S.K.: 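Would you mind keeping the following structure in view while I ask a few things?
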Amino acid sequence: MRDVEVFVDITHNFIGDLVVTLISPTGTTVPLHQRAGMADDNIIKSYTPATTPDLSKLRGQQIEGAWRLKVADLARSDVGKLNRWGLKIAKES
């Protein structure tokens, strides 16, 4: 595998409460969003190695298996919804 791009669409009215983490089939965790954005609404974003350097930790790992996205709301007063998410994986040639 060469690079991973992650697309996330989360509805939430205070994204500063959220922690979003990608977990590879080998168990490697990559933080995508860590309580940034304060009172901004919603996360509709693509994460690439250029914008999220920790994604480069996945280079050379296997791509087969279950990829997981963990979304945690670290406050009690708000609710949100994971609408969709996806991966684009570029294989080495």
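Here the structure is a predicted model, which is why all the values come from computation and not from measurement.
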S.K.: For Pro25 versus Ile63, what's the shortest heavy-atom pair and its separation?
M.R.: CG-O, 4.0 Å
S.K.: Does one hydrophobic cluster hold both Trp67 and Phe7, with members joined at side-chain heavy-atom distances below 4.5 Å?
M.R.: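 Trp67 and Phe7: separate clusters.
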S.K.: Does NZ in Lys57 sit with more than 12 non-hydrogen atoms of other residues, nucleotides or ligands closer than 6.0 Å?
M.R.: yes
S.K.: Are the side chains of Leu58 and Thr28 in contact, using a 4.5 Å heavy-atom criterion?
M.R.: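 Result yes, sub-4.5 Å side-chain heavy-atom pair found.
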S.K.: Look up atom CG in Leu69 and atom CD1 in Ile10, then write down how far apart they are to the nearest 0.5 Å.
M.R.: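 One gets 6.5 Å once the value is rounded to the nearest 0.5 Å.
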S.K.: Atom CD in Gln34, atom CG in Leu18: separation rounded to 0.5 Å?
M.R.: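 These two atoms lie 12.0 Å from each other.
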S.K.: Would you compute the distance between atom CG of Leu32 and atom OG1 of Thr52 and round it to the nearest 0.5 angstrom?
M.R.: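 Reported to 0.5 Å precision, the distance equals 6.0 Å.
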S.K.: Assigning hydrophobic clusters by single linkage (Ile, Leu, Val, Met, Phe, Trp, Tyr; side-chain heavy-atom cutoff under 4.5 Å), is Leu22 placed with Leu82?
M.R.: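 Yes, Leu22 and Leu82 fall within the same hydrophobic cluster.
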S.K.: Treat each ILVMFWY residue as a node, draw an edge where side-chain heavy atoms are under 4.5 Å apart, and state whether Leu87 and Val71 are in one component.
M.R.: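 Linked, Leu87 and Val71 end up in one cluster.
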S.K.: Should His12 and Asp73 be marked as a side chain to side chain donor-acceptor pair (under 3.5 Å) after you check the CA-CA gap, both sets of side-chain angles, and the distance that decides it?
M.R.: CA-CA 9 Å; His12 196 281; Asp73 185 339; 2.8 Å; yes
S.K.: Atom CG in Asp41, atom OG1 in Thr11: separation rounded to 0.5 Å?
M.R.: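 It is 9.5 Å, given to the nearest 0.5 Å.
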S.K.: Quick check for you: to the nearest 0.5 Å, what is the distance between Trp85 atom CH2 and Tyr47 atom OH?
M.R.: 12.5 Å
S.K.: Can you name the nearest heavy-atom pair linking Val19 to Arg35, along with the distance?
M.R.: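 Residues Val19 and Arg35, closest heavy atoms: CG2-CG, 3.7 Å.
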S.K.: Between atom CD1 of Ile15 and atom CD1 of Ile43, what is the distance when rounded to the nearest 0.5 Å?
M.R.: 5.0 Å
S.K.: Flag the pair Asp54 / Pro31 as yes when at least one side-chain heavy-atom distance between them is below 4.5 Å, and no otherwise.
M.R.: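 A side-chain contact exists here, since the closest heavy-atom pair is under 4.5 Å.
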S.K.: Please tell me whether Val8 and Ile44 are part of a single hydrophobic cluster in this structure, the criterion being side-chain heavy atoms less than 4.5 Å apart.
M.R.: no
S.K.: What are the two closest non-hydrogen atoms of Thr51 and Ser46, and how far apart are they?
M.R.: OG1-O, 4.2 Å
